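Reading through the structure tokens given below for one structure.
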Amino acid sequence: MPPVLETRKLSKRFGGFIACNDVSLNIQPGARHALIGPNGAGKTTLINLLSGFLEPGAGEVFLRGENVTRLAQHRRVKRGLVRTFQINQLFAEMTVLESVVLSTCERLGLGWRWWQPVENHVHAVSEATELLSSLHLLDVAQEKVRSLPYGKRRLIEIALALASKPQILLLDEPAAGVPASESRELFERIARLPRDVTILLIEHDMDLVFRFAERITVMVGGALLAEDVPEVIANDRRVKEVYLGEAHDA
Amino acid sequence: MSRDISMRAEYAFWLLPVLAYFVFGENLALLSQIAITALFVLSLDLILGYAGIISLGHAAFFGLGAYAAGLLAKYGWGDPLLGLAAGALVAATAGFASSFLVLRGSDLTRLMVTLGVSLMLFEAANKLTDFTGGVDGLQGVEMQPLLGLFSFDLYSKTAYWYSLAVLFLLFWLARRLVRSPFGLSLRGIKQNVTRMPALGTPVHRRLVAIYSIGAAYAGVAGALLTQTTQFVSLDVMAFSRSAELLLILVLGGSGNLYGALIGTIVFMAAHHFLADINPQYWQFWLGAALVLVVLFARDGIMGMLRRLVTRGAQ
Ligand SMILES: Nc1ncnc2c1ncn2[C@@H]1O[C@H](COP(=O)(O)OP(=O)(O)O)[C@@H](O)[C@H]1O
Ligand SMILES: [Mg+2]
């Protein structure tokens with residue numbers, strides 16, 4: 001099958017530092033793909049390049065065969081490519097419902113409507129309500145985002161992305177800082193996404209990665225080190241040395 | 001605040017200008033100025049309070065609207081509504097064109113670009129004396145009766161109702177706008193500009209749109225001032241007007257449409273009553289009020305009112 005998301009020799013420098021070096025990556029349709037690697041490996045930078053948050057210095061990004069290297073971020077979202085942020089990017093002064101409705105309005109192409117009040121766009125509101133219900137967030141729907149504990153805010157970070165009905169979802173450490181009990185629930189919700197949604201996941205918790213991923217790419221020092229099914233990655237000597245070694249020694 | 005209370009407060013609020021007509025009938029010229037300034041502050045609230053675009057040169061659009069309406073009337077097209085439309089159009093065009101300069105940079109860049117553009121326009125108006133009258137102002141502005149029925153009278157009766165009606169109409173449109181999905185997306189941009197493109201929002205185009213709309217509102221306010229005073233003074237474009245505008249909005253509470261109105265009323269009333277007594281005294285207390293608001297009540301008079309009502313309701 002042709003990859004749904006592909007990079008060819010993608011590179012990004014910050015000054016003299018190469019954060020992303022000649023990365024060529026293929027993501028298959030419907031994949032449950034994990035991207036792992038030590039801190040500073042360039043994983044977030046890669047997501048930033050894929051989503052259009054950053055422009056690469058060299059190389060190309062293809063979305064379903066279309067060259068999107070110079071395509072603006074919001075246009076990639078319209079094509080179904082949606083990301084979450086490692087560090088929450090929320091709307092602190094809105095209520096939970098308002099912020100998710102903001103996202104559903106945008107997905108439904110209502111963002112330019114200026115005559116009817118938001119609540120009259122019932123489709124956007126009901127979609128947001130259903131999503132909040134599926135994430136067990138309905139009881140805080142009317143709370144200000146900033147008043148919520150971190151774990152809940154992390155869920156809203158994910159909810160904003162899910163509200164865009166992604167076809168390809170890039171998750172940057174979605175469970176970072178979330179208590180274990182809640183992170184399990186979070187992953188169950190992600191696992192329930194329809195199979196035709198392609199998922200690329202960055203995650204440090206190896207148990208979660210091996211439970212979730214069907215394919216794993218290992219990134220070190222801005223470059224791809226290895227890519228394979230989890231069983232092979234788990235036994236790859238180079239991977240053990242640079243990455244799993246330190247994690248599994250403990 | 002519950003919906004019910006705020007609805008009733010809104011109705012009560014809009015009865016005030018009607019009451020004011022009877023109570024302060026001697027001062028209709030001042031009341032018209034308040035309505036016009038309120039519209040001008042509202043225009044800044046749309047771009048700064050809702051979309052987070054900081055500007056130190058918003059008077060440029062006010063001035064363009066003022067001159068557009070003034071020149072039209074001077075050369076024979078003295079119909080007031082035509083003048084308003086022209087003021088809106090000229091200012092919106094200028095807002096649209098300059099938005100591409102303004103919206104690129106950081107807040108500091110925006111401050112400097114808006115200031116720079118307005119200083120250039122001010123100097124242009126100052127130098128083009130054949131056109132604008134320069135420091136002497138634009139003379140010979142002859143207004144036709146409003147709707148062919150109401151001529152502008154010495155007591156400013158027409159001026160007052162006209163300004164008030166325009167303010168009310170544009171306020172109502174702004175109120176719809178800020179409560180719509182478009183308005184919600186502006187608040188989103190203000191609160192987290194990083195996130196919005198990731199939701200599929202064309203951030204730049206939304207900002208261009210609201211900046212042009214804000215400019216059009218300011219242009220209408222400028223045109224109103226010209227029409228109700230039948231004169232355009234060079235200081236319609238002055239930096240002090242932009243600065244005062246920002247100050248009124250912060251005092252009243254930005255990001256709230258009633259904050260813009262209440263800020264204007266309080267400011268203009270205080271100015272009227274205090275400035276006569278002693279100009280230094282006025283500046284001193286104005287400065288003190290500004291510092292206090294910024295330090296202790298970031299959301300201005302409107303925020304304080306709201307907290308009072310919330311506390312009262314509990
Ligand atoms: N905007 C930036 N400017 C300068 N350096 C950056 C920037 N973003 C990331 N880096 C650097 O690039 C490297 C890779 O960062 P990142 O992609 O966040 O790694 P990871 O997500 O794998 O932990 C790090 O050393 C980081 O300091
Ligand atoms: Mg990272």
Side-chain angles (χ1 to χ4, degrees), chain A residues 47-48 51-53 72-85 87-95 97-121 123-125 144-146 156-157 160-166 170 172, chain B residues 1-3 6-7 10 46-47 49-52 103 169-170 172-214 216-217 253-257 298-299 303 306 310:
Chain A
I47 296 253
N48 286 340
S51 62
F53 185 79
Q73 215 185 147
H74 69 270
R75 294 190 197 279
R76 300 188 203 191
V77 175
K78 292 286 176 225
R79 285 163 172 72
L81 178 65
V82 180
R83 58 90 55 97
T84 66
F85 292 81
I87 296 165
N88 281 347
Q89 296 292 343
L90 304 175
F91 306 101
E93 303 302 321
M94 291 187 192
T95 67
L97 183 62
E98 272 177 324
S99 45
V100 178
V101 167
L102 172 60
S103 187
T104 56
C105 276
E106 228 37 270
R107 182 189 86 73
L108 292 163
L110 303 172
W112 285 102
R113 299 290 178 88
W114 69 276
W115 186 247
Q116 292 293 339
V118 171
E119 59 268 24
N120 286 13
H121 294 279
H123 201 59
V125 176
K144 281 251 168 77
V145 169
R146 84 174 130 76
I156 293 161
E157 171 69 37
L160 290 180
L162 293 180
S164 305
K165 292 243 167 109
L170 313 175
D172 196 349
Chain B
M1 226 190 307
S2 92
R3 237 200 154 88
S6 58
M7 276 296 276
E10 280 195 86
L46 284 176
I47 68 158
Y50 286 90
L103 299 177
L169 185 74
L170 289 184
W172 177 67
L173 286 177
R175 187 176 174 280
R176 291 209 75 117
L177 187 150
V178 300
R179 292 169 180 217
S180 69
F182 177 64
L184 184 62
S185 77
L186 297 179
R187 284 169 55 209
I189 291 169
K190 185 185 178 196
Q191 289 179 31
N192 192 338
V193 72
T194 303
R195 186 62 191 242
M196 290 303 279
L199 303 182
T201 306
V203 169
H204 186 71
R205 275 196 276 159
R206 293 278 156 84
L207 289 178
V208 169
I210 194 61
Y211 196 68
S212 309
I213 293 170
Y217 267 57
S254 72
N256 184 300
L257 296 179
R298 297 290 318 236
D299 40 7
R306 199 188 266 167
T310 319

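What you see is a predicted model; the values in this text were computed from it and never measured. Numbered from 1 within each chain, the chains take letters A, B, ... in sequence-line order.
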Original post:
If you measure from OG1 on B:Thr194 to CD on A:Gln73, what distance do you get to the nearest 0.5 Å?
Top reply: 9.0 Å
Original post:
Can you tell me how far CG of B:Leu184 sits from CZ of A:Phe91, rounded to the nearest 0.5 angstrom?
Top reply: 8.5 Å
When you measure from the side chain of [X] to the backbone N and O of [Y], does any donor-acceptor pair fall under 3.5 Å?
X	Y	value
B:Asn192	A:Leu90	yes
A:Ser103	B:Leu199	no
B:Gln191	A:Glu93	yes

Would you say that [X] contacts [Y] through its side chain, given a criterion of any heavy-atom pair below 4.5 Å between the two side chains?
X	Y	answer
B:Leu173	A:Trp115	yes
B:Pro202	A:His74	yes
B:Arg195	A:Glu157	yes
B:Arg176	A:Pro117	yes
B:Arg187	A:Leu102	no

Just so I understand: if I count every heavy-atom pair under 4.5 Å between each of [options] and chain B, which residue has the most?
options	answer
A:Ser164, A:Gly111, A:Cys105	A:Gly111
A:Arg75, A:Met94, A:Arg107	A:Met94
A:His121, A:Arg83, A:Arg76	A:His121

Contact origin within [X] toward chain B - heavy atom pairs under 4.5 Å:
X	value
A:Ala92	backbone
A:Glu119	side chain
A:Val118	both
A:Ala161	both

Subject >> Taking every non-hydrogen atom, the tightest pair across A:Leu110 and B:Pro181 >> reply: O-CB, 3.3 Å
Original post:
Does B:Leu169 CG have over 12 foreign heavy atoms under 6.0 Å away?
Top reply: yes
Subject >> B:Arg206, CZ: over 12 other non-hydrogen atoms inside 6.0 angstrom >> reply: yes
Subject >> Side chain, backbone, both or neither of B:Arg205 within contact of chain A (heavy atoms, under 4.5 Å) >> reply: both
